[in-house]
Amino acid sequence: MRVYRVGGAIRDMLLNFPSSENDWVVVGATPSQLIDLKYRPVGRDFPVFIHPKTGEEYALARTEIKTGHGYKGFTFHAHPSVKLEHDLMRRDLTINAIAEDSNGTLIDPCNGQRDLRRKVLRHVSPSFVEDPLRVLRTARFAARYHHIGFSVASETMQLMRSVSEGKELDCLNPERVWKETEKALLEKSPQVYVKILRQCGALKRLFPEIDQLFAAEPSYHNQKIRAHGSTTLVALEKIAKLSDSGPIRFAVLVHRVGEMVNCNPKLFRSSNPLDLRISILRALFDRLKTPKKYRELGLTFATHYKPFCLAPQLESSELLELVLAISDKSSTCKFENFLLCCDGISDGERGGRDKMCVTASFIRSAIEIVNSVRISDPELKGLQGRQIGQKIRNVRLAMLDEFKQNFFGRETLEERN
């Protein structure tokens with residue numbers, strides 16, 4: 001029995017890149033041998049075992065044959081006769097097909113080290129197209145290593161296009177799509193993930209709502225408006241430098257999804273455009289099965305980022321609605337997360353950052369005013385149910401009216417000075 005460290009740990013070691021996981025391949029062994037050594041079996045589709053002390057995964061060397069659709073459409077053959085090279089040849093990219101033996105010697109049958117030096121993401125073999133998940137993984141690795149100069153090989157991109165043009169992507173279950181997307185959002189350059197998926201046609205198949213952002217739409221006056229996709233990618237690149245939060249990055253990515261309804265006269269006249277946008281967003285979240293923390297911030301930001309930008313111009317009733325939506329006494333980070341999203345989409349070249357800071361100060365003061373409202377018992381005497389809520393609302397509106405007058409009065413005085 002021979003044990004080799006493989007895959008990502010070797011790749012990142014050679015790149016001097018941080019890596020927290022080790023994967024191991026066992027050659028020349030049977031499941032019963034590993035069980036006798038107290039390894040715990042966990043793989044249902046193929047033999048994978050957990051080391052009794054380290055908790056790391058050890059997989060028996062195996063080959064695979066495509067027998068169905070999707071990433072699960074494979075029959076695996078794990079046997080003591082399977083060689084290490086056979087196991088490495090079934091992997092996705094050459095840089096992930098490098099192994100290291102117990103003496104530190106590297107086994108590299110696919111020239112992965114050469115591609116690491118050339119900073120190229122290249123498929124191991126034409127069987128790359130058999131697993132549609134590899135399209136997402138390649139895009140994710142592009143997002144991870146973009147900042148150190150990596151790119152996708154042209155021939156690999158062509159294979160990714162062929163997968164996107166077929167039906168294999170339709171066989172990916174939403175959990176796998178979301179898992180790869182969430183990982184990509186947390187990478188150094190998440191915008192590259194979107195770019196690569198769009199280049200190979202996978203974005204249109206898996207995320208049509210996001211792909212639509214790159215289409216120029218006709219306006220009411222039959223003119224073309226600028227597509228939102230490019231500005232969204234700029235914002236995603238910017239927010240990745242400001243925050244490592246997945247929900248914040250995701251909210252920036254999807255904040256303009258569905259805005260094409262504003263450019264469709266029939267849709268615009270027949271329904272509330274905001275309601276249509278939210279229904280499109282909800283459909284996207286439902287299909288991807290996005291976690292609650294992603295869904296909540298995504299919906300909140302998409303719904304309220306425009307009113308936020310216009311906050312000083314809002315009526316007190318509209319300002320109160322905005323404040324209640326983007327702040328929460330039980331969550332001190334809710335408003336701060338919203339502000340970070342706003343920072344991500346602000347246009348620094350046009351003074352957007354300064355304007356956002358003023359608006360943030362305005363909203364922060366409004367939040368403090370709304371949360372400061374206290375109604376004494378004598379004031380509530382004789383009131384019941386909704387009357388109490390209406391009383392609190394009226395007091396808040398009155399205080400916001402006074403706050404706005406003082407705020408604008410101060411602004412005017414400063415302008416005069």
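Positions are given from 1 along the sequence.
In this view, Thr94 and Asp115 satisfy the side-chain hydrogen bond (donor to acceptor under 3.5 Å, both in side chains) rule, not counting sequence neighbours. For the side chain to side chain contact (heavy atoms under 4.5 Å, CB included) test, residues two or more places apart in sequence or in another chain that qualify with Lys119 are Phe150. Checked against side chain to side chain contact (heavy atoms under 4.5 Å, CB included), Ala142 has the following partners two or more places apart in sequence or in another chain: Leu121, Val152, Val192, Ile196.
Side-chain contact check for Met160 versus Val163: every heavy-atom pair is 4.5 Å or farther apart. Taking 4.5 Å as the limit, some side-chain heavy atom of Met89 sits within range of a side-chain heavy atom of Cys110. The shortest side-chain heavy-atom distance between Ile326 and Lys334 does not fall under the 4.5 Å cut-off. Arg364 places a side-chain heavy atom less than 4.5 Å from the side chain of Leu339. Residues Val26 and Tyr39 are not in side-chain contact: their nearest non-hydrogen atoms beyond the backbone lie 4.5 Å or more apart. Contact of the Val27 side chain with the Met1 side chain is not registered, since no non-hydrogen atoms from C-beta on lie closer than 4.5 Å. Using a 4.5 Å cut-off on side-chain heavy atoms (C-beta onward), Phe362 and Lys404 make contact. Under the 4.5 Å side-chain criterion, counting only non-hydrogen atoms from C-beta, Val252 is not in contact with Lys238.
Here side chain to side chain donor-acceptor pair (under 3.5 Å) pairs that include residues 185-197, with residues two or more places apart or in two chains, are Thr181-Tyr193. Residue pairs meeting the salt bridge (Lys or Arg N to Asp or Glu O under 4.0 Å) criterion with at least one member in residues 87-110, sequence neighbours excluded: Arg5-Glu100, Asp87-Arg90, Asp87-Arg91, Asp92-Arg137.
In His146, the NE2 atom is not crowded: 12 or fewer heavy atoms of neighbouring residues, nucleotides or ligands sit closer than 6.0 Å. Around the CD atom of Glu21, the shell of radius 6.0 Å holds no more than 12 heavy atoms that belong to other residues, nucleotides or ligands. Summarising the local packing, CD of Glu315 is surrounded by 12 or fewer heavy atoms from other residues, nucleotides or ligands at distances under 6.0 Å. Atom CZ of Arg40 sits in a sparse spot, with 12 or fewer heavy atoms from other residues, nucleotides or ligands closer than 6.0 Å.
Between the side chains of Ser164 and Lys204, not a single donor N or O lies within less than 3.5 Å of an accepting N or O. Side-chain contact annotation: Arg11 with Tyr145, donor-acceptor N/O pair under 3.5 Å present.
The aromatic rings of Phe301 and Phe338 sit perpendicular, their planes meeting at an angle over 60°, well past the 30° parallel limit.
Ring-centre distance between Phe285 and Trp178: not below the 6.0 Å cut-off.
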Per-pair distances, 0.1 Å, donor-acceptor, side chain in residues 52-62, under 3.5 Å, sequence neighbours excluded:
unit_1	atom_1	unit_2	atom_2	d
Thr54	OG1	Glu56	N	3.3
Glu56	OE1	Trp24	NE1	2.8
Glu56	OE2	Asn22	ND2	3.2

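Looking at Arg205 and Asp211, no side-chain N of the basic residue comes within less than 4.0 Å of a carboxylate O on the acidic one, giving no salt bridge. The existence of a salt bridge linking Glu259 and Arg256 is confirmed by a sub-4.0 Å separation between a basic side-chain nitrogen and an acidic carboxylate oxygen.
When all heavy atoms of Leu84 and Ala99 are compared, the closest pair comes out as CD2-CB, 3.9 Å. In terms of heavy-atom proximity, Ala153 sits nearest to Val120 at CB-CG1, 3.6 Å. Listed here is the closest heavy atom pair of Arg287 and Pro174: O-CB, 3.0 Å.
For Thr300 (side chain) and Leu297 (main-chain N/O), no donor-acceptor pair under 3.5 Å exists by modelled atom type.
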